[in-house]
Amino acid sequence: MHASTWLNLSIANSLCVNLSSTLHFYKTLISSITTATTTTIIIHHIATMSILSLSLAFLLLFHGSCLALRPFQQTQNQCQIQRINALEPNERVEAEAGYTEFFDAGDQQFQCAGVEVIRHHIHPQGLMLPSYINTPLMVYILQGRGYQGIMLPGCPETFQSSQQAGERGFQDRHQKIRHFREGDMIVIPAGAAHWMYNDGQEEIVAIVMLDSTNEVNQLDQFHRRFFLAGNPKRSGQETPEEGSGNIFRGFDLQMLSEVFHVDQETASKLQSPDDTRGHIVMVERGLQVVRPPIRIQGPANGVEEAFCSARFTANINDASRPDFFNPEAGWTTYLNSFKLPILQMVQLSAERGVLYNNAIMSPYWMTNAHEIIHVTSGNMRMQIVNNEGQAVFDDMIQEGQLVVVPQNFAVMKQAQEQGCRWISFRTNDNAMMSTLAGRTSAIKAMPVSVLMNAYQMSPEQARSLKNNRMETMMFSPRSRY
């Protein structure tokens, strides 16, 4: 799919609705006509629609935008969850230079939210082989540093080596390479081939959320990874020989030789039939690519970015630049499409949260998104309540565990003695939170008289309920009013 098609997907969806409405109008009009002459006139009018309109209609239909805007939506009662559990990975796939952990994609929590979660561990000098996936990804770099490439269809090769640096006068040209570091959130569109390399001294730990029910996924309700290299083991396989392989393995060798204009020995390397290194391989002498010096990126300027030069990475781990900060309770940083415009295309957002020891967060609910909360250090007690007033989760969540909070379920968090840090993925590019306690809460916004009658309390009790907690969202355990 061309880059411009990706960028205009939301516009295409709106045009599909308008096109459908127009066709419905003519169908209704024709069915109410009794005279053949008038019917002929209307049909003639439809037939003489502008070439531009017809071309656009066929373009949208052939790209599938009108046929499948959200093909794998949750089925009815998928989120009727009576019990939520803190989840840990249940499977691990090893490779030469690292491994990947998988959370159970079939768990009801993930089925409700329509997402999957995995964790990559990449050793120093480890290269995660190029691949693409049928879903958008958000990748949070919990630990380590490196660089990665995202190959965007239709975009130019803007990185070029000098002739002197090239081997025997060969100049390498390739698409942009981007550095990443601890605290970065990387966005990868569906179907975009990508790779990742660890050029640091410590292991990379990357938490990945895959949005399986995103409108661009028309393939399957679960993610599928298509490798461009290697002979990797798949989830659920013991060895790479059990039917796995990269996409070149299925093509005829002679045709590959012809299409790349190389000899058959070179073409056979693409198929990697005897490669047992797995999906993360060791680069013994380091990766030699054209890349710029490391530079810390500043905030976005808010101007619409061209797709090929768009930012795909933003750091949300800087405690000096939070969106909310309470020196006695903690801080949070949000990442939405206003800060990183590419998120509007994938319809996702994220939050980095920190609660100090014993601090408590106001109960809240997400008004327009599911939330996937992964604890990255420390622990906290969480309570999650459904629409029937039942606590579907009331337990400790530890480092390395996650829970899925369905849309509108109410949540309360309290850190323990060592405090708690987490990363949250949200299924809306501008996810909105509504709190129950504090200065900007729903309770604070209600008139005293409403509180008195709703909760059968005195005026004094209603006023204290509204005004005794004047902090905004995170509360110090020492605060008493």
### Query
If only atom types and distance count, is the side chain of Asn408 paired as donor or acceptor with the main-chain N or O of Met366 below 3.5 Å?
yes
### Reported CD1-to-CD1 distance for the pair Ile118 and Ile133, which is rounded to 0.5 angstrom
6.0 Å
### Task
Over 60° means perpendicular and under 30° means parallel, so classify the ring planes of Tyr147 and His179, tilted if in between.
perpendicular
### Task
State, to 0.1 Å, how close Trp195 and Leu287 come at their nearest heavy-atom pair, and which atoms those are.
CZ3-CD2, 3.9 Å
### Query
Any sub-3.5 Å donor-acceptor pair from Asn134's side-chain atoms to Arg224's backbone N or O?
yes
### Query
What are the two closest heavy atoms between Asn368 and Met432, and how far apart are they?
OD1-N, 2.9 Å
### Task
Consider only side-chain N and O atoms of His121 and Glu101, and report whether a donor and an acceptor are under 3.5 Å apart.
yes
### Query
Between Thr135 and Ala190, is there a donor-acceptor pair closer than 3.5 Å when you use the side chain of the first and the backbone of the second?
no
### Query
Taking the six-membered ring for Trp, are His374 and Phe103 parallel (under 30°), tilted (30 to 60°) or perpendicular (over 60°)?
perpendicular
### Message
Using side chain to side chain contact (heavy atoms under 4.5 Å, CB included), reason through Ile81 and Cys112 one step at a time and then give a plain yes or no.
### Response
CA-CA 8 Å; Ile81 300 176; Cys112 168; 4.0 Å; yes
### Query
Hey, what do you get for OH (Tyr334) to CE (Met433), rounding to the nearest 0.5 Å?
4.5 Å
### Message
Could you tell me if Arg277 and Ser272 have a donor-acceptor pair between their side chains, going purely by distance under 3.5 Å?
### Response
no
### Query
So, Asn246 side chain and Gly230 main chain: donor-acceptor pair closer than 3.5 Å or not?
yes
### Query
Is it true that the side chains of Arg225 and Ser131 contain a donor and an acceptor less than 3.5 Å apart?
yes
### Query
Which atoms form the tightest heavy-atom contact between Glu417 and Asn357, and what is the distance?
O-CB, 2.8 Å
### Query
Ignoring hydrogens and geometry, is there a side-chain-to-backbone donor-acceptor pair from Asn217 to Ser212 under 3.5 Å?
yes
### Task
Determine the minimum heavy-atom distance between Thr427 and His370, stating which atoms define it.
OG1-N, 2.9 Å
### Task
Examine the side chains of Gln401 and Glu88 and answer whether a donor and an acceptor come within less than 3.5 Å of each other.
yes
### Task
First locate atom CZ of Arg83, then atom CG of Asn386, and finally report the distance between them rounded to the nearest 0.5 Å.
12.0 Å
### Query
Is the side chain of Gln271 donor-acceptor paired with the backbone N or O of Phe248 at a distance under 3.5 Å, no angle test?
yes
### Task
Return yes if some donor-acceptor pair links the side-chain N/O of Asn428 with the main-chain N/O of Asn430 below 3.5 Å, else return no.
yes
### Task
Report the C-alpha distance between His194 and Phe312 in whole Å, list the side-chain angles of each, state the deciding distance to 0.1 Å, and finish with yes or no for side chain to side chain contact (heavy atoms under 4.5 Å, CB included).
CA-CA 12 Å; His194 57 278; Phe312 289 82; over 6 Å; no
### Distance-only polar pair, side chains of Glu203 and His123, donor-acceptor under 3.5 Å
yes
### Message
For a quick check under 3.5 Å, do Asn317 and Arg352 share a side-chain donor-acceptor pair by atom type?
### Response
yes
### Query
Without hydrogens or angle criteria, can the side chains of Asn315 and Asp184 be said to hold a donor-acceptor pair below 3.5 Å?
yes
### Query
Are any side-chain N or O atoms of Asp429 and backbone N or O atoms of Ser337, one a donor and one an acceptor, separated by less than 3.5 Å?
no
#### Entry: Exam field: side chain Gln111 to backbone Gly106, donor-acceptor pair closer than 3.5 Å
no
### Query
Which atom pair, heavy atoms only, marks the closest approach of Pro89 to Arg119?
CG-NH2, 3.2 Å
### Backbone N/O of Met282 and side chain of Glu96: donor-acceptor pair under 3.5 Å
yes
### Minimum heavy-atom distance between Leu348 and Met138, given as atom pair plus value
CB-SD, 3.5 Å
### Message
Can you confirm whether Glu258 is buried at CD, in the sense that more than 12 heavy atoms of other residues, nucleotides or ligands lie under 6.0 Å from that atom?
### Response
no
### Query
Going from OG1 on Thr332 to CE on Met473, what distance comes out if it is rounded to the nearest 0.5 angstrom?
3.5 Å
### Task
Go through the side-chain N and O atoms of Asn358 and Gln414 and say whether any donor and acceptor fall under 3.5 Å apart.
no
